[in-house]
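Inspection log for the structure reproduced underneath, given as structure tokens.
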2 protein chains.
Amino acid sequence: MTLSEEDYIKAIYHLGKGENTTVSTNAVAEQMDTKPSSVTDMVKKLSEKGLANYKPYKGVSLTEYGQKTALSIVRKHRLWEVFLVEKLDFSWDEVHEVAEQLEHIKSEKLVDRLDRHLGFPQVDPHGDPIPSKSGTFKKAIKKLLKEVPVGANGICVGVKDSSPPFLKFLDKNKIALGDSILVLEKEEFDGSLRIRIKGNEVHISDQIASNLYLKITE
Amino acid sequence: MTLSEEDYIKAIYHLGKGENTTVSTNAVAEQMDTKPSSVTDMVKKLSEKGLANYKPYKGVSLTEYGQKTALSIVRKHRLWEVFLVEKLDFSWDEVHEVAEQLEHIKSEKLVDRLDRHLGFPQVDPHGDPIPSKSGTFKKAIKKLLKEVPVGANGICVGVKDSSPPFLKFLDKNKIALGDSILVLEKEEFDGSLRIRIKGNEVHISDQIASNLYLKITE
DNA sequence: ACAAATTTTTAGCTTTGTCTAAAATTAAAT
DNA sequence: ATTTAATTTTAGACAAAGCTAAAAATTTGT
């Protein structure tokens with residue numbers, strides 16, 4: 001499997017949002033920053049190799065085998081992202097480019113050992129789940145902190161209100177994108193929350209909880 | 001710089017044994033497991049790019065720039081080898097293939113952080129020195145343990161006598177290839193040594209010391 | 001339903017890195 | 001020193017992956 005083939009498999013996988021959806025040639029071309037004619041050539045090849053289902057003019061989807069391949073690449077990508085953040089102190093927003101390269105390294109032993117070295121992490125620094133060796137994983141969804149049930153934990157991935165005062169508030173309370181948050185308790189009366197973040201327990205008002213997105217895996 | 005170019009640079013570097021020696025087209029072809037005609041094509045390209053000096057029929061050598069490039073690749077290769085052995089518990093003889101892939105990952109930050117994560121190691125698991133970021137390093141030489149001066153340390157890289165009794169002896173005394181050995185004291189009288197290996201102090205007879213190769217950096 | 005717009009494919013060309021076979025150069029041998 | 005042997009280069013071809021421009025199929029608008 002060439003590097004380029006792997007990139008196409010991944011693109012088709014991501015465009016199909018993990019479901020086995022048929023995606024258009026144009027969509028793949030845009031995602032890959034290449035031309036539709038190049039995509040046609042490549043999906044023909046993937047199809048011949050049994051990785052994709054392709055009908056001219058009808059788009060492309062992954063076969064079972066293609067799906068497995070995609071999951072293996074995603075697994076590697078996300079494990080390397082964890083490595084970069086946890087072991088090499090990269091920040092969560094600078095790991096993607098490097099992981100994009102590392103995901104192509106071919107060594108099953110390396111991946112297994114890396115997984116173990118990292119303590120078998122369930123999610124990457126962006127809150128996205130890491131497929132198991134056999135390719136299973138829980139889907140992640142993005143929710144307002146307010147909607148996250150007590151006991152669940154997730155990773156802070158975005159804000160609804162991006163006004164300076166709100167961002168400043170987050171900064172002051174040391175809440176940053178990429179932080180892992182565990183919901184400890186919900187106060188029925190005013191909708192405020194008690195959460196654990198970076199080892200500290202913090203109180204969060206309903207208003208804040210309504211403007212912070214977490215990614216959680218169910 | 002493409003992957004293939006990097007491989008050629010590295011081959012020329014290694015054939016020249018780190019010295020800036022001119023090497024033959026045939027030698028490069030053999031090392032790279034490719035054909036001489038392919039080598040000719042590539043060294044022309046490297047020459048145009050300022051990485052190599054090439055005169056038809058006269059062989060090829062690296063320019064200053066080519067040398068720096070080679071050292072940067074060697075540095076990455078050896079740091080990854082240390083990582084695989086120290087952090088992922090690979091054995092010293094199975095790291096080469098994987099490091100061969102990892103050495104091509106492009107990210108200066110990654111290499112620097114990896115170096116730090118590993119505690120700025122001086123040698124790889126085979127006892128070969130790791131070039132610094134600026135490309136300097138001490139040469140390694142292979143010596144019989146017997147010849148290693150007191151106070152020096154090196155890595156066990158081979159045996160002179162490979163008879164079963166000798167190998168069995170090493171095994172029993174938990175001396176294995178890849179082990180780091182520090183020479184603590186030399187007994188003038190019988191030529192026996194006191195060494196430190198894997199945290200333990202061990203006594204080694206002259207006969208053993210005459211049949212064990214260490215790689216040391218001076 | 002049919003013309004227009006959009007999407008997708010085909011055909012042909014380019015680059016990179018490789019190969020084979022033949023020609024050219026250098027080295028070796030008598 | 002001249003022939004033979006070995007090495008190296010050139011010329012021409014090929015596969016992978018991409019591109020452009022033109023043709024074909026599909027979708028859309030009325």
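Here is the naming used below: chain letters follow the sequence lines, and residue numbers restart at 1 for every chain. Values reported hereafter were calculated over all heavy atoms of this structure, with side chains retained and with hydrogens, waters and symmetry mates removed.
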Donor-acceptor contacts, no H, no angles, side chain residues 146-155 of chain A, under 3.5 Å, sequence neighbours left out:
from, atom 1, to, atom 2, distance (Å)
A:K146, NZ, A:D206, OD1, 2.7
A:N153, ND2, A:S180, OG, 3.4

When the side chains of residues 22-30 of chain A are checked against the rest of the protein, which donor-acceptor pairs come out under 3.5 Å, sequence neighbours left out?
from, atom 1, to, atom 2, distance (Å)
A:S24, OG, A:A27, N, 3.0

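Between B:N26 and D:dA6, a side-chain N or O to OP1/OP2 separation shorter than 4.0 Å is absent.
Residues meeting the ring-ring contact (aromatic ring centres under 6.0 Å, His included) test with A:H104, sequence neighbours left out: none. A search for side chain to side chain contact (heavy atoms under 4.5 Å, CB included) contacts involving A:P56 returns A:Y54, not counting sequence neighbours.
Less than 4.0 Å separates DNA chain C from at least one heavy atom of each of the following residues of residues 1-14 of chain B: B:T2, B:S4, B:Y8.
Taking the six-membered ring for Trp and thresholds of 30 and 60 degrees, A:H77 and A:H96 have ring planes inclined between 30 and 60 degrees apart. In this pair, A:F83 and B:H117 present their aromatic rings perpendicular. The plane angle is above 60°, beyond the 30 to 60° band.
Annotation: cation-pi geometry not satisfied between A:K143 and A:Y213 (NZ/CZ under 6.0 angstrom from ring centroid, within 45° of ring axis).
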Quick one: what's the B/S/- string for nucleotides 9-15 of chain C, heavy-atom cutoff under 4.0 Å, read 5' to 3'? BB-----
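Each of B:S24 and A:M32 was matched to the nucleotide of DNA chain D holding its nearest heavy atom; the match closer to the 5' end belongs to B:S24.
The nearest whole Å value for the distance from the CG atom in A:D33 to the P atom in D:dG18 is 11 Å. If you take CE of B:M42 and P of D:dT10, they are 16 Å apart, rounded to a whole angstrom. As a whole-Å value, the separation of B:K35 NZ from C:dA22 P is 15 Å.
No hydrogens or angles considered: nothing links the side chains of B:S4 and B:T2 as a donor-acceptor pair under 3.5 Å.
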